[in-house]
Amino acid sequence: MRLVSNINNYVQLLEACIASKSLKQGKTIHQHLLKLSNNDFSTQSLLLDKLTRLYISCNKPQLAERVFNRIPISERRNKTILWNQTIRAYAWDGPFEKAIDLYYGMVDSGVVPTKFTYPFVLKACSALQDVENGVKIHGHLKRLDLGCDIYVCTALVDFYMKCGYLVEAMEVFDRMLERDVVAWNAMISGFSLHGFCWNATRLVSEMQQMGVNPNSSTVVAILPAIGEAGRWRDGKAIHGFCLRRGFDGEEVVGTGLLDVYGKCGWLVYARRIFGALKFKNEITWTAMIGACVTCDATGEGLDLFRKMRVEVGVSPSPVMLATVIRGCAKLNDLNIGRQIYCYTIKLGYLSDLMVSNTLLSMYAKCGSINDAMRFFEEMRVKDSVSYSAIISGSVQNGNAEDALQIFLKMQLSGVEPELATMMGFFPICSRLAALQHGICGHGYSIVRGFTGDVSICNALIDMYAKCGKIDMSRLVFDKMCERDVVSWNAMIVGYGIHGLGREAISVFHEMLNVGKKPDDITFIALLSACSHSGLVNEGKHWFLSMTQEYNIVPRMDHYFCMVDLLGRAGLLDEARHFISGMPYEPDAHIWTALLAACRIYKNIELAEEVSNRIQSLGPESTGNFVLLFNLYTTAQRWDDAAHIRIKQKDLGFKKSPGCSWLEVNGIVHAFVGGDGSHPQSAKINKKLEELLAEMKILGYKPESNFVYQDVEEEEKEKILLHHSEKLAVAFGIISLKPNKPILVTKNLRVCGDCHTALKYITIITKREITVRDTSRFHHFRNGICSCGEFW
DNA sequence: ATAGGGTTAG
């Protein structure tokens, strides 16, 4: 036969193709052979062997496998190397499932895998995060006595680490008889990947003690963890190490180092490294732009972006674009943001999920929630990041109801809420006082293992506090293994809004005792807690100590707290004096706090002065009109009251309607004053009539001063009776079991008449009622409110 | 080696 005589020629040709990796020529020969042999050269195992090798060397594992399978099984059994190399080719860039299938095929054919098989099949398992098969394969190799091989063990460590099975990885590593730098690096990059910076650095010193020198891969592996943890001292030490060992010229090392400096806020060093690098690739540029953005030099970052495009002529990658968009978000400049949006379209990156999620978050951060929402709806593919971004964006822009709806939709869509999603979800519950949803989210977070995270617990503390369950906040707080400043702050805020000033101060003391440094927010929380509990001396003391002992320069917010504190306590002159002593020009907020105090203590003269000040500061807010109007009506100065109302109307300020809501069986029911639209409206009204009659017997008199409309007395009584907080409470009474406490949330301060009426209602119904208004909780019980009339 | 979502105050 001609073919037989020519085999050697073909073998030589194929070998040449293998050596030069020329796929095209190889394929031509393959075609030729098929024709020649009438599709029956399959008996020629030598040729099939060469063809398999050719396709492997050209990274075409699928073609290789097909040819390989035509070799008779009896012969294939002896070709372990070909099995291994095909698996390796699959493990290199997929499809990874094929690598695992082929491994099982190999075992089923009775071929014994070798130490060169396992690293690749394990790599495929970690790429797929396929723990089940990985563990099974680990079992196989134990039986083959490969459990001590250094390459196999390194591969196992890498596999377990990449799949998040740190304990298993450590077990394998500990049992290794010898460890080279690659084995150590596998452990180190594993810890680094999961953010365990401390473990990673400890291993680096351990390896040095064992006489193994870290190489540049070790450095590259550990740097991201250092940067993420913000440990710039370690970063500097590694930088020094790199200089001594001459690693600093490598692009990859330099990129890692400048990234660490950027993340730690040392833009100067980042710039220096960037400038010194001889070779910069696109990743280096991206890292530098990112460093500028992180260090609040966004302008510089955008300049670099421009420079790179013009001078270097590199087209930006999606990652770079995302970095630049993050910069735009930070600039809070929608104009630049819209330009970059167009640029994204031009580059064709709009379908890149990461890029579009960044854009989405940019719209939300720039306060353009409508753009964000539209963009979100138009996204064809949405993942948990997209949902998280739109949910937290909506809450932050004051739209908790929409955020809740989107969260519910997310669940229907089958996208699972992740940690960051819950981070946005709990503030929704806080805002709406939706306890049932909050508890549900807490349960979910436990199941998903999120509750080990400090920030999640912080969000839980805040959620329970704002849903009226301060004891639950404390429980979460006490169970935390570690606490950051936010945890302490959230706890202090919680006690503060419940009027538990003493407890707030005691938590603050605990905080100092354990050596946690309070920040500016801690003091805002502490001062406002004092203010809500009338702890004037304590407040004054901490205000002084804040500057003197903790070196915190008081901001406008701190001054606001102090004015509020003095004002609520009735020390109007002192408050007035305090304002004159401020180092800043007081803003409308500060004056409003004083005006509110004037209303409580009925000081019309000061109120008028303050009101003029506010007017001279420019645009007024509706609240001020209401305060002043309220003051005049209480003093029965009807003309002045009317004058204020006319002015308010002329200037186009409308009082935003009072709205109260409560959660029943996981559904939030909202009521506006005089609202008859609720399906149960008739029952609610009937209940209110009954309550009114009983209240009157106990001595309740409707305080018609709180009705701003100019109508008959009888009509005023009716308006009062249908204030939103009363509607919500009545609905709570008829729809919740008699022993259940009622929690109502209101968008404005609770009205004075309602405050009185609710005390009577707790006597009549023997039920606890809690109202959370804009600034605090009112717990009504047996005719008494926890606020001690401090509001 | 670079990269999207996040908690506390007002």
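The chains referred to below are lettered A, B, ... by the order of the sequence lines, with proteins before strands, and numbering in each begins at 1.
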Q: Between S413(A) (side chain only) and M410(A) (backbone N and O only), is there a donor and an acceptor less than 3.5 Å apart?
A: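 Yes; at least one donor-acceptor contact below 3.5 Å.
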Q: If the sugar-phosphate is the primed atoms plus P, OP1 and OP2 and the base is the rest, what is the B/S/- string for nucleotides 3-10 of chain B, using protein heavy atoms under 4.0 Å?
A: BBBBBBBB
Q: Indicate, with a heavy-atom threshold strictly under 4.0 Å, whether P224(A) touches base, sugar-phosphate, or nothing.
A: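 P224(A): backbone/sugar contact only, no base atoms under 4.0 Å.
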Q: I238(A) CD1 to dA1(B) C1': how many Å, rounded?
A: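 Roughly 13 Å, once rounded to whole Å.
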Q: Please tabulate, one pair per line, all N/O donor-acceptor pairs under 3.5 Å involving side-chain atoms of residues 256-266 of chain A, not counting sequence neighbours.
A:
residue, atom, partner, partner atom, Å
D259(A), OD1, K263(A), NZ, 3.1
D259(A), OD2, K263(A), NZ, 2.8
Y261(A), OH, H239(A), ND1, 2.9

Q: Any donor-acceptor pair under 3.5 Å linking the side chain of S445(A) with the backbone of G441(A)?
A: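 It does hold such a pair.
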Q: If we ignore hydrogens and angles and just use 3.5 Å, is the side chain of H558(A) paired with the main-chain N or O of R555(A) as donor and acceptor?
A: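 Flag set: sc H558(A) to bb R555(A) pair under 3.5 Å.
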Q: Just to be sure I understand the rule, does V220(A) reach a base, reach only the sugar-phosphate, or reach nothing, if contact means heavy atoms closer than 4.0 Å?
A: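 V220(A): backbone/sugar contact only, no base atoms under 4.0 Å.
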Q: Which of these passes ring-ring contact (aromatic ring centres under 6.0 Å, His included) with F523(A): W488(A), Y550(A), F543(A)?
A: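 Result: among W488(A), Y550(A), F543(A), Y550(A) is the only option passing the ring-ring contact (aromatic ring centres under 6.0 Å, His included) with F523(A).
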